[in-house]
Amino acid sequence: MDLFSEIEAPEREEVRRLRRELEDANYKYYVLNQPTISDREFDEKMHRLQDLEAQFPDMFDPKSPTQHVGSDLVKGQKSKVKSNFETVKHKYPMLSLANSYSREEIEEWVRKLPAGVEIVCELKYDGLSISLWYEKGVLVKALTRGDGQQGDDVIQNIKTIPSVPWRIERNDIPDFFELRGEVLLPWERFEALNKEREEQEEPLFANPRNAASGTLKLQDPREVARRGLDAYLYYMLGENLPGKTHFERLETAKAWGFHISDAIRVCHSVDEVMNYIAYWDTERKNLPVATDGIVLKVNDLAQQAELGFTAKTPRWAIAYKFPAEKQLTLLKEITYQVGRTGVVTPVANLEPVQLSGTVVQRATLHNEDFIRQLDIRPGDRVWVEKGGEIIPKIVGKESQTCQTSQTSPTFITHCPECGTVLVRVEGEAAWRCPNEAGCPPQIKGKIEHFVSRRAMNIDGLGEETIDLLYRQGLLHNIADIYDLKLEDIAAQERLGEKSAQNILDGIETSKQVPWSRVLFALGIRMVGETTAKKIARRYNTIDSLQWATAEQLCAIEDVGPQIAENIVRYFEDMRNMEILERLREAGLQMEGEAAPEPTSDMLAGQTIVISGTFAHHSRDEYKALIEAHGGKNAGSISKKTSFVLAGENMGPEKRKKADELGIPLLTEDEFLEKIQA
Ligand code: IVH
């Protein structure tokens, strides 16, 4: 036997290291838009890797960064990113925690523990649990909880979190360990995201937890990176790990560079635990992320092992949930707010009250049904709550409030802004002002949306300036923007010639904004950014879109009957047609690149769901193929699904649903044969 065959040449390890480093560099450059090494350094590493791969041809790997050069690199990276998440079985099941709500319940739990037990108190972060796997110090998987037994590998999204190390360069770390923690969207990021979604008429996230969950499931890590997730880690698992206590393990993890909270305390009595709770129930309001309680854990790992688990939860840990903060206060008056889309929201004007660290004097009353159900009237003392949601809400009223009148509370009938009679679409909870073209907040809102960053991106034309120009009678609709003169703008209060010129430059540049964004900027109800892109891909000129029927529009992915009708209605309105004509004359892009014509109508009328991972094409390519053959791609299985294009690792839930509804599954090859590709 060759003595040397057992010893690996150090260059082989170097190949693996360089591949990882180059892959990381690509990811940071192309996906995160945050290059960390210079082009020169990148090239040097690439050359070295190429040399080494030539020396060790047996190490050839089609996935090596050397195999994707130049522009292919971006494409390769992109298609990799677009692939669906892989479902992976957890090494240790991901359990939940039993809840408690009072000192008595905590005492009851402590009674079952060994005498003199040490209890670690931690904050209970209100996000999504994540399990990070480190092999030889390298982050190799990041699994969501899933069903507790298996989760989705969202490593590409987790890699966008700056505090999660991709690699730990130390020689005192075990070959394998797992760190569990919580992924969160900090309050500040959550608020900014919701503001943006409001501007784009996209549904708002109710709380940071939902926002984090939606973000973690995105297939585009660039967007995930932009949103700014964070993670706090609180549990280390694995074989032969250092430390005899939970606390020591977390200290170790902290020393290895992991993001571990500073709020962790070892307690020796229920009194100490209650002090910790009392302190953090107030102090948590100053934290950058949402917390909903504390977690108590037995510190000693041998004791933990002895206590073990029930089917669902560990016996060695318990959660204590903070009560949602509520206050009673006087409802002075109900006023009404008209939004950009004409929705009228009732607002409770309150006697100011201190809640979760801020003074609250206004809270949403949602809609008419809500007011009626709770029978809320001015003069009532109402409970106001600031829970997971950022906007305070009224959750009830003091039961003994005596009614001054017997009639049920009434909603306004006319728009408080323009006096138009309000309408309520059947099946919708909201009353709307239908006077889209004449109601001030709707006019200004449409203009604000049009100029916003992700639409026409006209710098300098902010809310205030729009309001000024509107009040001066210079801006009544989006087309007026292109008639603005330097002297009109410069004559406004607080606006000099320089800012006026900036605005005009921005207006000029906006004429280059591509067709899909122009379509989004028009502000057709429910046509968000993504939908606009999909529509623009199918209809590459405004003229073709103008004549599309609702039925034809429904064939586009994400376009349902309601959106289709909104589009058709938009083009039926002569005022919109006039505006469009003026925008066209101003030189806006009303045409896009030619969309691929359907190559057949083989899949016409069929709705197809794609699930799993594929060998021959990426998911996006399959979506394009389905569309190119006249089919419609849908995200979830329903009675309407014609068949499922099922790849490897199809999600178990989807498989179950398809079985239940008797929807056929086609393999990748069967599908390709069907369309004869
Ligand atoms: S320990 C086996 N510690 O709360 C127990 N969980 O309601 C592992 N959570 O699924 C969990 N903060 O997602 C632990 N400091 C903390 C936590 C925490 C938040 C979450 C976690 C868990 C859920 C249970």
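Only heavy atoms go into these numbers, but all of them, side chains included; no hydrogens, no water, no symmetry mates. Each ligand, and each atom within it, is numbered from 1 in the order the structure gives.
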query: Between Y235 and ligand 1, does any nitrogen or oxygen pair lie at a separation below 3.5 Å?
result: no

- prompt: Which residue supplies the protein heavy atom nearest to atom 15 (N) of ligand 1, what is that atom called, and how far is it?
  reply: E122 OE1, 2.8 Å

query: Any idea how W280 and Y276 line up, ring-wise: parallel (<30°), tilted (30 to 60°), or perpendicular (>60°)?
result: tilted

field: Protein contact of atom 20 (C) of ligand 1 - nearest heavy atom, named by residue and atom, plus distance
entry: E182 OE1, 3.5 Å

query: Is ligand 1 less than 4.0 angstrom away from at least one heavy atom of R180?
result: no

message: Tell me if a side-chain donor or acceptor on D147 pairs with a main-chain N or O of Q150 at a distance below 3.5 Å.
response: yes

H246: which of E122, E251, Q303 passes side-chain contact (heavy atoms from CB on, under 4.5 Å): E122

- request: Mind running side-chain contact (heavy atoms from CB on, under 4.5 Å) on M236 and F258 for me, showing each step along the way?
  value: CA-CA 11 Å; M236 178 150 66; F258 287 99; over 6 Å; no

- request: Could you tell me whether a side-chain N or O of K397 sits under 3.5 Å from a main-chain N or O of D380, the two making a donor and an acceptor?
  value: no

task: List the closest protein heavy-atom neighbour of atom 23 (C) of ligand 1: residue, atom name, distance to the nearest 0.1 Å.
output: K124 NZ, 3.9 Å

- prompt: Side chains of E283 and N286: is there a donor and an acceptor less than 3.5 Å apart?
  reply: yes

- prompt: Within the structure, does W316 bring an N/O atom to less than 3.5 angstrom of an N/O atom in ligand 1?
  reply: no

message: For R189 versus G228, what's the shortest heavy-atom pair and its separation?
response: CG-O, 3.7 Å

- prompt: Should P314 be listed as contacting ligand 1, given a heavy-atom distance under 4.0 Å as the test?
  reply: yes

- request: Kindly confirm or rule out an N or O of L123 lying under 3.5 angstrom from an N or O of ligand 1.
  value: yes

message: Any salt bridge linking E272 with R265? Criterion: basic side-chain nitrogen under 4.0 Å from a carboxylate oxygen.
response: no

- prompt: Taking N or O atoms only and a 3.5 Å limit, does S96 qualify as a polar contact for ligand 1?
  reply: no

- prompt: Sub-3.5 Å donor-acceptor pair from the side chain of S131 to the main-chain atoms of L143, do we have one?
  reply: no

- prompt: Which is it for M94 and ligand 1 at heavy atoms under 4.0 Å: side chain, backbone, both or neither?
  reply: neither

- prompt: Where on L97 is there a heavy atom closer than 4.0 Å to ligand 1, on the side chain, on the backbone, on both, or on neither?
  reply: both

- request: Note the single closest protein heavy atom to atom 10 (O) of ligand 1, along with its residue, its atom name and the distance in Å.
  value: R145 NH1, 3.0 Å

Test item: side-chain donor near acceptor, K534 and T530, under 3.5 Å: no

Identity and distance of the protein heavy atom lying nearest atom 3 (N) of ligand 1: K297 NZ, 3.0 Å

- request: Mark up the atoms of ligand 1 that fall under 4.0 Å of a heavy atom belonging to L95, in ascending order.
  value: 10 (O)

field: Closest to atom 21 (C) of ligand 1 (judged by heavy-atom distance), picking from F309, Y125, Y234, Y92
entry: Y234

